[in-house]
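Notes for the one structure printed next.
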Amino acid sequence: MSDATTTDLYEVTMAMSYLREGMTAPATFSLFARDLPAGRGFLVAAGLESALDHLSGLLVDPTDVEAFAAALHRPPRDLRPLLGLEFTGDVRAVPEGRTVLAGEPLLEVTAPLPEAQLVETYVLNQLNHQTTLASKAVRCVLAAAGHPVVDFSLRRTHGTQAGFQAVRAGAMAGFAGTSNVAAATALGIPAVGTMAHSYVEAFPTEEDAFRAFARAHPGPVTFLVDTYDTEEGVRTAARVLRDLGPAVHDAGSAVRLDSGDLGALARRARALLDDAGLPGVRITASGGLDEYAVEDLVRSGAPIDIYAVGTRVGVSADAPYLDTAYKMVEYDGRPVMKLSSAKVTAPAPKQVFRGAGCADVIALAGERAPDGTEPLLETVMRDGRRTRPRTTLGACRDRLTADLGALPPSARRIREPVAPRASVSEPLRDLTARVRRRLEERTAAAGLSAPP
């Protein structure tokens with residue numbers, strides 16, 4: 001059984017019906033966030049690469065057909081029309097790392113209708129989750145104001161794959177490392193870590209633990225100093241680090257604070273380390289941190305050198321999902337739209353043109369770019385094949401850095417950000433009005449012709 005079955009059942013039932021009815025003309029679906037979560041001034045596009053992996057590898061095999069048939073309680077022969085289905089369509093998307101706003105397509109799929117329908121769930125899952133994580137992670141980088149941020153989230157993310165995606169999102173946003181060894185290895189980023197309180201507790205004394213750790217790890221070391229009494233832990237760490245010599249304590253060694261009033265403890269730890277002649281020993285803080293706590297610590301002037309963020313960032317605790325949608329906007333050359341209350345969609349394939357200061361215009365795909373703007377959506381797949389190599393994390397970071405610099409300062413605020421709103425081009429507005437009028441007239445006519 002392949003990833004083709006990682007979909008909602010109704011995607012299968014609709015695809016089967018389309019095939020039965022001969023409805024295989026090209027359809028375009030647009031994926032976008034209806035609105036931004038509270039506390040977000042922008043989103044960071046992410047998840048495209050894994051979505052393209054799925055699309056390029058999609059092939060419904062005999063075991064998938066059997067799984068679909070079992071789910072529908074039907075004989076496999078009824079589902080045989082799906083056998084061999086591949087993705088043969090085109091994809092236009094916002095490259096990973098770019099900032100996006102509410103209502104702007106992150107991705108548009110154009111493919112034979114059964115194909116475009118069957119992939120909806122998987123593509124939504126990938127872009128929704130990873131865009132959520134990247135949008136949270138970059139806020140931590142902004143809050144840290146130049147201090148390194150590292151990821152400690154794996155143990156509480158919603159599964160190991162979610163943990164990997166959290167690491168990738170953090171690396172895209174500019175994190176300096178992760179505790180997740182598998183992700184660090186796969187992504188080519190630094191693996192970082194210290195010790196747990198259980199390690200300290202396993203030894204007769206805190207000093208015994210620190211000295212044993214240093215013997216096992218002769219390079220730069222980080223000692224966790226708050227297992228018992230934090231100030232005494234710092235004094236003990238300073239004594240051990242002094243004995244290890246400048247080759248260790250001036251080469252990136254640190255103490256880690258994981259609980260309590262981190263700002264006050266960091267000030268006391270800094271004073272103790274400086275008094276011990278260890279100005280080069282850094283202070284790492286962890287323990288329930290997110291962008292709000294990091295911003296408070298930075299603004300207070302706490303002498304913290306490195307911020308380790310975990311649970312709240314790895315699950316985007318304050319905004320754990322996006323209200324994303326994957327809606328058909330055109331079928332067989334005919335623009336379509338949804339009219340239901342509070343979920344109206346705009347018809348036809350689209351483009352987003354970005355102007356200075358994130359003055360975005362959502363337009364029809366065929367419109368000419370207004371002066372001084374650039375298109376956000378690029379063709380990334382044609383006829384089911386990628387049109388370019390996989391993007392690198394470095395390229396994603398570069399895009400994000402450039403886009404952050406172009407955002408209004410009010411959108412980058414950690415607290416009470418003001419999200420820019422994209423405008424709509426006149427041709428798209430006119431087409432939307434025409435399609436709406438046509439649908440309302442058709443609905444009214446159907447109501448009049450219905451039997452009493």
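Index from 1, following the sequence.
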Exercise for review: Could you go through the salt bridge (charged side-chain N to carboxylate O under 4.0 Å, His left out) check for Arg382 and Asp90 one step at a time?
Suggested key: CA-CA 4 Å; Arg382 186 174 287 115; Asp90 302 342; 5.2 Å; no
Practice item. Indicate whether any N or O donor in one side chain lies under 3.5 Å from an N or O acceptor in the other, for Arg354 and Thr373. Key: no
Practice item. Give a yes or no on whether the backbone of Lys338 and the side-chain of Thr345 come within a donor-acceptor separation of less than 3.5 Å. Key: yes
Point to revise | Pair Arg98 + Glu378: basic N to acidic O under 4.0 Å | key: no
Review point. Under a 4.0 Å N-O cut-off, is there an ion pair linking Glu96 with Arg397?
Key: no
Check your understanding: Under 3.5 Å, is there a donor-acceptor pair between the Asp61 and Ser2 side chains?
Key -> no
**Study point:** N/O donor-acceptor pair under 3.5 Å between Arg282 side chain and Ile306 backbone
**Key:** no
**Study point:** Distance-only polar pair, side chains of Ser286 and Asp258, donor-acceptor under 3.5 Å
**Key:** yes
**Study point:** Electrostatic pair Glu440-Arg436, nearest N-O below 4.0 angstrom
**Key:** yes
Study note, to complete from the structure: Heavy-atom nearest pair, Leu113 first then Ala27, reads CD1-CB, 3.6 Å
Check your understanding: Side chains of Arg256 and Thr284: donor-acceptor distance under 3.5 Å anywhere?
Key -> no
Point to revise | Closest non-hydrogen atom pair, Gly41 against Leu36 | key: C-CD1, 3.8 Å
Exercise for review: Taking all non-hydrogen atoms of both residues into account, name the closest pair between Ala166 and Thr157 and its distance.
Suggested key: CB-CG2, 4.4 Å
Point to revise | Electrostatic pair Asp360-Arg421, nearest N-O below 4.0 angstrom | key: no
Point to revise | Distance-only side-chain donor-acceptor flag, Arg399 / Thr391, under 3.5 Å | key: yes
Review point. So, for Ile414 and Arg139, which heavy atoms are closest and what is the spacing to 0.1 Å?
Key: O-NH2, 2.9 Å
Check your understanding: If we only count heavy atoms from C-beta on, is the Leu289 to Arg312 side-chain gap below 4.5 Å?
Key -> no
Check your understanding: Can you name the nearest heavy-atom pair linking Val313 to Cys140, along with the distance?
Key -> CG2-SG, 3.5 Å
Review point. Would you call Arg415-Asp296 a salt bridge at under 4.0 Å N-O?
Key: yes
Check your understanding: At their closest point, which heavy atom of Asp64 faces which heavy atom of Leu59, and how far apart are they?
Key -> OD2-O, 3.4 Å
Point to revise | Under-4.0 Å salt bridge between Arg390 and Asp53 | key: yes
Check your understanding: Do Ser153 and Asp151 have side-chain atoms, one donor and one acceptor, less than 3.5 Å apart?
Key -> yes
Practice item. Check the angle between the aromatic planes of Tyr122 and His54 and answer parallel, tilted or perpendicular using the 30° and 60° thresholds. Key: parallel
**Study point:** Side-chain heavy-atom pair Val352, Val361 within 4.5 angstrom cut-off
**Key:** no
Exercise for review: Taking only Lys NZ, Arg NE, NH1 and NH2, and the carboxylate oxygens of Asp or Glu, determine whether Arg20 and Asp78 approach each other closer than 4.0 Å.
Suggested key: no
Exercise for review: Would you mind checking if Glu108 and Arg92 are paired as a salt bridge, meaning a charged N to carboxylate O distance below 4.0 Å?
Suggested key: yes
